[in-house]
Amino acid sequence: MKTLYVTDLDGTLLNTKDRVSEYSIRTINRLMEKGMLFTYATARSLVSASVVTQGLSIDMPVIVYNGCLVIQPRTGKVLSSIQFTRKEREKAIEIIKSNQISPLVYSYIGGKECVSWNPDKENEGVQRYLSLRKGDKRLRPVEDNQLYDGESFYYTCIGGKEKLLPIYEALCLDNRYRCTLAQELYREEYWCEIMPSTATKANAIKQVKELFNCGRVVAFGDAVNDMNMFSIADECYAVENAVSELKEVATGIIACNDEDGVARWLEEKVSKEFG
């Protein structure tokens, strides 16, 4: 029976320097060469994830934007995508605007993946996001009348918790959306992320599992947005630095992200399978 191994990135496979350690790269690449089916599921885009996972030779489809897209990383081919309907876009935009937030809008415009924002309304959190993505061809600075162009599939609102809470509370009660509100790793600001309700890591993992005829799933994570991924896994492991809610539902606790918890678990458990 084939097993699909899936890891979250930030706070899980990535260390606190937002990188995969040399040890983890060597270990995971060696196991993949021997036949381990390994991929990641992240809130990041493929562009951002590719930077922080440089050195990993992943041939499997990867899951990005918390399950909105399943992409073949080497070619950039989109295997699966979930977007907002017109009515869903209208409702989300109404709530965001009424709370005077200027979000990052992820969309396809003319077949091209774009991240739109209004430079006149940047806050410190948005400025940091942009500073980490200099040269990213997706970036599209616009005025408000162009902010929501195209077929959008993901909205990110960055700011103080009190400012974002009304947006989260309004949309999380609407079953057309999946909405998360969490503090940015190692930062003060919060991120409120809004996506279609069917866009989950769990649903995307099921697609990859079926595509490769896997009988089992083993998952690794650290945050609340990994809960649904854990719910469909046969085994699920939380890193030591994970939130308490995730630890409570995990099969077990492994070493923290700065101690290569995922790679060390794979080295111990999976190496035996491939000899």
Side-chain angles (χ1 to χ4, degrees), residues 1-14 36-45 49 58 60-71 79-84 88 153-156 168-169 171-183 185 190-257 261-263 265-266 269-270:
M1 181 185 296
K2 292 190 291 186
T3 300
L4 175 63
Y5 296 91
V6 186
T7 184
D8 171 58
L9 291 183
D10 292 271
T12 304
L13 186 64
L14 302 183
M36 178 179 70
L37 299 177
F38 179 87
T39 191
Y40 59 76
T42 179
R44 289 176 178 262
S45 67
I58 297 179
M60 298 278 292
V62 298
I63 297 159
V64 295
Y65 292 117
N66 274 325
C68 285
L69 301 178
V70 178
I71 300 181
L79 304 180
S80 173
S81 66
I82 298 172
Q83 299 174 346
F84 292 112
E88 289 167 354
F153 58 88
Y154 204 92
Y155 303 126
T156 296
Y168 172 76
E169 290 177 338
L171 293 176
C172 74
L173 296 176
D174 189 323
N175 60 15
R176 295 175 297 175
Y177 306 95
R178 192 163 69 83
C179 195
T180 64
L181 179 64
Q183 189 171 9
L185 277 176
Y190 277 71
W191 287 39
C192 180
E193 297 175 294
I194 305 154
M195 62 216 84
S197 62
T198 54
T200 67
K201 290 184 179 183
N203 286 342
I205 288 169
K206 289 177 183 177
Q207 294 178 45
V208 178
K209 178 184 176 183
E210 292 175 7
L211 187 62
F212 287 84
N213 194 29
C214 296
R216 300 177 67 252
V217 172
V218 176
F220 305 91
D222 76 304
V224 173
N225 70 340
D226 296 317
M227 293 285 282
N228 66 80
M229 175 170 73
F230 274 31
S231 72
I232 57 96
D234 297 276
E235 294 180 37
C236 47
Y237 296 92
V239 286
E240 181 58 44
N241 52 288
V243 297
S244 58
E245 299 98 312
L246 197 69
K247 289 181 176 180
E248 289 173 2
V249 300
T251 303
I253 311 300
I254 61 176
C256 72
N257 61 330
V262 173
W265 187 94
L266 293 170
K269 304 293 184 180
V270 182

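Computed from a predicted model, the values in this text were never measured in an experiment.
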J.: Can you check side-chain contact (heavy atoms from CB on, under 4.5 Å) on Lys269 and Val218, steps first, answer last?
T.: CA-CA 11 Å; Lys269 304 293 184 180; Val218 176; over 6 Å; no

J.: Under 4.5 Å between any side-chain heavy atoms of Val224 and Thr180, yes or no?
T.: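 With C-beta onward as the side chain, the pair stays apart.
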
J.: Any side-chain to backbone donor/acceptor pair from Thr39 onto Pro61? Under 3.5 Å, distance only.
T.: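 Such a contact is found between Thr39 side chain and Pro61 backbone.
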
J.: Under 3.5 Å, is there a donor-acceptor pair between the side chain of Asp174 and the main chain of Leu171?
T.: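 No: the side chain of Asp174 does not pair with the backbone of Leu171.
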
J.: For a side-chain contact (heavy atoms from CB on, under 4.5 Å) with Thr7, tell me which candidate from Thr12, Leu14, Thr42, Leu266 qualifies.
T.: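 Single pass found, and it is Thr12.
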
J.: What heavy-atom pair brings Cys179 and Cys192 nearest, and what distance separates the two atoms?
T.: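 Nearest pair, atom of Cys179 first, then Cys192: SG-SG, 3.6 Å.
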
J.: With side-chain contact (heavy atoms from CB on, under 4.5 Å) as the test, would you mind laying out the steps for Glu88 and Tyr177 before giving the verdict?
T.: CA-CA 8 Å; Glu88 289 167 354; Tyr177 306 95; 3.9 Å; yes

J.: How long is the straight-line distance from CD1 of Ile63 back to CD1 of Ile205, given to the nearest 0.5 Å?
T.: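 If I round to the nearest 0.5 Å, the distance is 4.5 Å.
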
J.: With Ser45, which residues qualify under side-chain contact (heavy atoms from CB on, under 4.5 Å), at least two apart?
T.: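 So Ser45 forms a side-chain contact (heavy atoms from CB on, under 4.5 Å) with Val47, Ser48, Tyr65, Glu113, Arg138.
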
J.: Would Arg178 and Glu193 pass as an ion pair if we require N to O under 4.0 Å?
T.: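 Here Arg178 does not pair with Glu193 in a salt bridge, since their nearest N and O are not under 4.0 Å apart.
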
J.: Going from CZ on Arg176 to OG on Ser197, what distance comes out if it is rounded to the nearest 0.5 angstrom?
T.: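 OG of Ser197 is found 9.5 Å from CZ of Arg176.
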
J.: Check Ala219 against Met229 and note the closest heavy-atom contact, atom names and distance.
T.: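 Of all heavy-atom pairs spanning Ala219 and Met229, the closest is CB-CG, 3.8 Å.
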
J.: Taking the side chain as every heavy atom from C-beta outward, state whether Asp234 and Met1 have any pair of such atoms under 4.5 Å apart.
T.: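 No, side chains not in contact.
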
J.: Between atom CE of Met195 and atom CG of Asn66, what is the distance when rounded to the nearest 0.5 Å?
T.: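 The distance works out to 5.0 Å.
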
J.: Is there a side-chain contact between Leu181 and Tyr190 in this structure, where contact means two heavy atoms from C-beta onward sitting under 4.5 Å apart?
T.: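 Yes; the side chains approach each other to less than 4.5 Å.
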
J.: Please examine the side chains of Phe220 and Asp226, heavy atoms only from C-beta on, and report whether any two atoms are closer than 4.5 Å.
T.: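 With C-beta onward as the side chain, the pair stays apart.
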
J.: Return the minimal non-hydrogen interatomic distance between Leu9 and Ala49, and the atom names on each side.
T.: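 For Leu9 versus Ala49, the nearest heavy atoms are CD1-CB, 3.8 Å.
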
J.: What's the shortest heavy-atom distance between Gly221 and Ala242, and which atoms?
T.: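 Closest approach of Gly221 to Ala242, heavy atoms only: O-CB, 4.1 Å.
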
J.: To the nearest 0.5 Å, how far apart are OH in Tyr168 and CG in Leu173?
T.: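 That separation rounds to 8.5 Å.
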
J.: Where do Lys2 and Asn213 come nearest, in terms of heavy atoms and distance?
T.: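 What the structure gives for the nearest pair is CE-O, 3.4 Å.
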
J.: Do the side chains of Met227 and Leu246 get nearer than 4.5 Å, heavy atoms only?
T.: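 In contact.
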
J.: Counting distance only, does the side-chain N/O of Lys209 pair as donor-acceptor with the main-chain N or O of Val217 below 3.5 Å?
T.: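 Looks like no, no N/O pair under 3.5 Å.
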
J.: Side-chain contact test, heavy atoms from C-beta onward, threshold under 4.5 Å: evaluate it for Ile254 versus Val239 and give yes or no.
T.: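 Ile254 vs Val239: side chains touch.
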
J.: Main chain of Ala41, side chain of Lys201: is a donor-acceptor contact present, judged purely on distance under 3.5 Å?
T.: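 Here the side-chain-to-backbone pair exists.
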
J.: Go through the structure and list residues passing side-chain contact (heavy atoms from CB on, under 4.5 Å) with Thr251, not counting sequence neighbours.
T.: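 Partners of Thr251 under the side-chain contact (heavy atoms from CB on, under 4.5 Å) test: Glu235, Cys236, Tyr237.
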
J.: Give the minimum heavy-atom separation between Ala204 and Gly67, together with the two atoms involved.
T.: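 Nearest heavy atoms, Ala204 then Gly67: CB-CA, 4.1 Å.
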
J.: Would you call Trp265 and Val270 a side-chain contact if the rule is heavy atoms closer than 4.5 Å?
T.: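 Heavy-atom side-chain distance check passes, below 4.5 Å.
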
J.: Just how far is it from atom NZ of Lys247 to atom CG of Asp222, taken to the nearest 0.5 Å?
T.: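 Output value for this atom pair is 10.5 Å.
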
J.: Is there side-chain contact between Tyr5 and Val262, with heavy atoms separated by less than 4.5 Å?
T.: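 The answer is no; the side chains never approach within 4.5 Å.
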
J.: Is there a donor-acceptor pair under 3.5 Å between the side chain of Asn241 and the backbone N or O of Gly11?
T.: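 Confirmed, Asn241 side chain pairs with Gly11 backbone.
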
J.: Quick one: does any side-chain atom of Thr3 pair with a main-chain N or O of Arg216 as donor and acceptor, under 3.5 Å?
T.: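 Not at all, since once roles are kept as given, no pair shorter than 3.5 Å links the two residues.
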
J.: Measuring from atom CD1 of Ile58 to atom CG of Leu37, what distance do you get when rounded to the nearest 0.5 angstrom?
T.: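 Answer for the CD1-CG pair, Ile58 versus Leu37, is 12.0 Å.
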
